[in-house]
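The basis for the numbers below is simple: all heavy atoms, side chains too, and nothing from hydrogens, waters or symmetry mates. For ligands, and for the atoms within them, numbers begin at 1 and follow the listed sequence. For this chain, numbers begin at 1 and follow the sequence in order. Small disclaimer: the values here were computed from a predicted structure and weren't measured.
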Amino acid sequence: MDYPLLSDNLTVNGNALYFDGRNVCELAAKYGTPLYLMDEDRIRARCREYRAAMRAAFGEKSAVLYAAKASAYKQMFRIMHEEGMHADVVSSGELYTALQAGFPAERLWFHSSNKTDEDLRLALQSNVGRIVADSMEELAALQRIAAKTGKVPEILLRLTPGIDPHTFEAVATGQVDSKFGFGIETGAAEEAVRFALSLSSVRLVGFHCHVGSQVFDSDVFLRSAKIMLAFMAEVRDTFGYVADVLDLGGGYGVRYLPSDPELHLSANIAEIGAFLLAECDRLAYPLPLIALEPGRSLVADAGLTVYTVGVVKPIPGVRTYVSVDGGMTDNIRHALYGAPYTVLPASRMDEPPAMRATVVGRCCESGDVIQPDVPLPGTLQRGDLLAVCTTGAYHYSMASNYNRLPRPPIVMLRNGDDYLAVRRETLDDLLQCDL
Ligand code: LLP
């Protein structure tokens, strides 16, 4: 095989790429391009793997929350609900989507570094399970709003344990220099505990941290867990307060390139489990409920984006540009982070990679690059299909209508069947808010 197949849901038969056992060319003909395909079987398998690993490590004292920001639409929430997951939402929009999909409010945890009063009101009205408070302003607003409604929401405090997860800085959120959460080192976390415990209309149930993204080993989680538990023990000694919940956030990685490592999820979680049990024992701290909040690692490699090639422009001595019918509107991650991708010639898998080309989108912007330097067949031409792998997380959810491009549909693949979960936007959809 001349082209790398990153995961076992990708196969080849003749010239055609197959995804979850389905011919990508036939699906493109049926639904049009650009097209997001989602391997529902894989998403469900991942949910089960996470939940089983967490149960094995912590028994009933475990929860796996889907970080909905990775990809949020009604069908995704339905799938997560059916799989017994909790979910984390970060805006009224995500919360509303979840509720409209029938996701039980008590299994939703509400995050965000800057929730508006409207967000907090909706969260309280909806009876979300927990609110993860990020700032003193939010605690004060929660107290004010909750007191009026007579509700006493359960809250966690988001702390920053001060760890650089050695990933790219734009998505490294656990350092002290961060807009997120209360710094432990700076003393802000202790102040927040003091304040939260003084409030009559919130009930502090525990602590949260999220250290970063694209993490492949347990080291980062072990380091953050150690710092969090040490802080919790200090809080117990200072305030006599013992937490019921410790949420270690998300961050496990996925393969965008063949050189990326495989994630050994169950082994990783077992390691975190053994560490936490030992550490709680050492500190004589009763084991809290342990939560993880994976986004990317649940859905990313369940996604494949399919495009039709338009212009192939060789510039002698410089490079060849291959333009596709989507771009930064459906995948902004290379433009924003320089993110790497594996791109496959979905309709010419049997032809050798005779050229290297820069795959670009159709937006009026030079930065609209999906991936530079991609090995592709020399015969590639208008009408051929390209597939970009690992696009199930942070693609649809970060999509835009720049240049008034309609967003692609999402087609779910399940048990050899295919169905629309999100339909393609029409030109009239683009006018819906215009007065
Ligand atoms: N929990 C919290 C509080 C988070 O901030 C995040 C991600 C997650 C969970 C899920 O992390 P994951 O398991 O997906 O790594 N747009 C960027 C990713 C931003 C992630 C921000 N927070 C990207 O396209 O790479």
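- In this comparison of Gln214, His210, Arg296, the heavy atom closest to atom 11 (O) of ligand 1 sits on His210.
- Contact atoms of ligand 1 toward Ala67: 8 (C), 9 (C), 10 (C) (distance under 4.0 Å to a heavy atom of the residue).
- Taking CG of Leu413 as the reference point, atom CE of Met38 lies at 9.5 Å (rounded to 0.5 Å).
- Against a heavy-atom cut-off of under 4.0 Å, Tyr337 is close to the following atoms of ligand 1: 16 (N), 17 (C), 23 (C), 24 (O), 25 (O).
- Listed by atom number, the atoms of ligand 1 under 4.0 Å from Asp88 heavy atoms are 1 (N), 9 (C).
- Taken from CD1 in Ile131 to CG in Leu108, the straight-line distance is 11.0 Å, to the nearest 0.5 Å.
- Counting the atoms of ligand 1 from 1 in the order shown, those under 4.0 Å from a heavy atom of Pro294 are 13 (O).
- Arg255 has no carboxylate O lying under 4.0 Å from a charged side-chain N of Asp301, or vice versa, which leaves the two without a salt bridge.
- No salt bridge links Asp325 with Arg362; every basic N to acidic carboxylate O contact stays at or beyond 4.0 Å.
- Classified by interplanar angle (parallel below 30°, tilted 30° to 60°, perpendicular above 60°), the ring pair Phe207/Phe231 is perpendicular.
- Of the listed options Met398, Arg333, His208, Arg333 places a heavy atom closest to atom 25 (O) of ligand 1.
- Between Glu293 and ligand 1, a contact under 3.5 Å exists for at least one N or O pair.
- Here the CD-OG1 distance, from Glu425 to Thr329, works out to 10.0 Å after rounding to the nearest 0.5 Å.
- The atoms of ligand 1 that sit less than 4.0 Å from any heavy atom of Arg158 are 3 (C).
- Applying the 4.0 Å criterion to heavy atoms of Gly251 picks out, from ligand 1, the atoms 11 (O), 12 (P), 13 (O), 15 (O).
- Classification of Lys69 and Asp88 as a salt-bridged pair holds, one side-chain N sitting under 4.0 Å from a carboxylate O.
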